K.L.:
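The structure's right below; bear with me while I get my questions together.
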Amino acid sequence: MIAFVRVACVKPGKQVAAMTFAKEISAFLKSSYHLDVEVLRPVGGNPQRIAWSTRHADMAAMETFTTKMLADPKYWELANGASECFIAGALRDEIWQTT
């Protein structure tokens, strides 16, 4: 099983708008791709962050999903509409293999 985690840093004063977007994009991925996406917020450390977490059967499944998502104009419409909420260049993706 592959776990994908994306962490984004939120601009000051944009926490509510960023959380609204996080939930909206998660609902879109669930309805369009049947992908369960967890929205996470930190309990400690820098509070100006939001994370999304997904699980995939293997790397091939993750790549297939990612290819479809990145070709979807609706995905880009949602993502680009929230660009004012996040700090440019402060996005971190991690891919983990479960044991």
Side-chain angles (χ1 to χ4, degrees):
M1 180 77 55
I2 298 296
F4 174 81
V5 180
R6 170 167 284 172
V7 179
C9 291
V10 179
K11 287 181 179 177
K14 295 293 186 175
Q15 192 68 27
V16 172
M19 187 58 74
T20 299
F21 163 74
K23 292 177 181 179
E24 181 181 16
I25 198 81
S26 297
F28 166 74
L29 295 173
K30 176 72 172 179
S31 67
S32 297
Y33 298 98
H34 311 290
L35 182 68
D36 291 322
V37 180
E38 288 182 298
V39 176
L40 309 165
R41 60 188 180 120
V43 175
N46 177 4
Q48 291 298 111
R49 296 175 294 155
I50 291 179
W52 295 265
S53 176
T54 61
R55 302 282 175 131
H56 304 272
D58 52 34
M59 288 296 292
M62 189 179 102
E63 183 177 5
T64 298
F65 161 74
T66 301
T67 300
K68 289 179 185 176
M69 180 186 73
L70 293 178
D72 187 335
K74 178 65 176 173
Y75 167 79
W76 287 110
E77 179 185 331
L78 292 170
N80 290 334
S83 63
E84 77 282 350
C85 295
F86 301 99
I87 298 171
L91 187 72
R92 188 182 78 233
D93 291 344
E94 293 188 359
I95 300 171
W96 296 73
Q97 182 178 33
T98 63
T99 58

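Quantities reported herein were computed from a predicted structural model and do not represent experimental measurements.
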K.L.:
Please examine the side chains of F4 and S53, heavy atoms only from C-beta on, and report whether any two atoms are closer than 4.5 Å.
P.N.:
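A side-chain contact under 4.5 Å is absent here.
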K.L.:
The criterion is ring-ring contact (aromatic ring centres under 6.0 Å, His included); which residues satisfy it with F65, sequence neighbours excluded?
P.N.:
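Only Y33, H56 meet the ring-ring contact (aromatic ring centres under 6.0 Å, His included) criterion with F65.
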K.L.:
Which value, rounded to the nearest 0.5 Å, describes the distance between D72 atom CG and T67 atom OG1?
P.N.:
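OG1 of T67 is found 12.5 Å from CG of D72.
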K.L.:
How would you list all residue pairs meeting salt bridge (Lys or Arg N to Asp or Glu O under 4.0 Å) that involve residues 47-57, not counting sequence neighbours?
P.N.:
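As it turns out, there is no salt bridge (Lys or Arg N to Asp or Glu O under 4.0 Å) pair with a partner in residues 47-57 once direct neighbours are skipped.
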K.L.:
Is there a side chain to side chain contact (heavy atoms under 4.5 Å, CB included) between Y75 and L70 once you walk through the steps?
P.N.:
CA-CA 7 Å; Y75 167 79; L70 293 178; 4.1 Å; yes
K.L.:
Using salt bridge (charged side-chain N to carboxylate O under 4.0 Å, His left out) as the criterion, list what pairs up with D58, not counting sequence neighbours.
P.N.:
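Scan of D58 (salt bridge (charged side-chain N to carboxylate O under 4.0 Å, His left out), adjacent residues dropped) gives none.
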K.L.:
Hey, what else clusters with V5 if you join Ile, Leu, Val, Met, Phe, Trp, Tyr whenever side-chain heavy atoms sit under 4.5 Å?
P.N.:
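Hydrophobic cluster check, V5: joined to V7.
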K.L.:
List the residues meeting side chain to side chain contact (heavy atoms under 4.5 Å, CB included) with T64, not counting sequence neighbours, and say none if there are none.
P.N.:
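For T64, the residues satisfying side chain to side chain contact (heavy atoms under 4.5 Å, CB included) (neighbours in sequence not counted) are K68.
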K.L.:
Show me the side-chain donor-acceptor pairs of residues 34-46 shorter than 3.5 Å, one per line, residues at least two apart or across chains.
P.N.:
residue: D36; atom: OD1; partner: K30; partner atom: NZ; Å: 2.5
residue: N46; atom: OD1; partner: Q48; partner atom: N; Å: 2.8

K.L.:
Would you say M59 and M1 are hydrophobically clustered, going by side-chain heavy atoms of ILVMFWY under 4.5 Å?
P.N.:
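No, because M59 and M1 fall into different hydrophobic clusters, even though each may have its own neighbours under 4.5 Å.
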K.L.:
Report yes or no: do L29 and I2 belong to one cluster of Ile/Leu/Val/Met/Phe/Trp/Tyr joined by side chain heavy-atom distances under 4.5 Å?
P.N.:
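No: no chain of side-chain contacts under 4.5 Å links L29 to I2.
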K.L.:
Identify each donor-acceptor pair in which a side-chain atom of residues 9-25 lies under 3.5 Å from a protein atom, sequence neighbours left out, and give them as a table.
P.N.:
residue: T20; atom: OG1; partner: V16; partner atom: O; Å: 2.9

K.L.:
If a pair satisfies side-chain hydrogen bond (donor to acceptor under 3.5 Å, both in side chains) and one of its residues is in residues 83-99, list it, with sequence neighbours excluded.
P.N.:
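Qualifying pairs, neighbours excluded: R6-D93, R92-E94, E94-W96.
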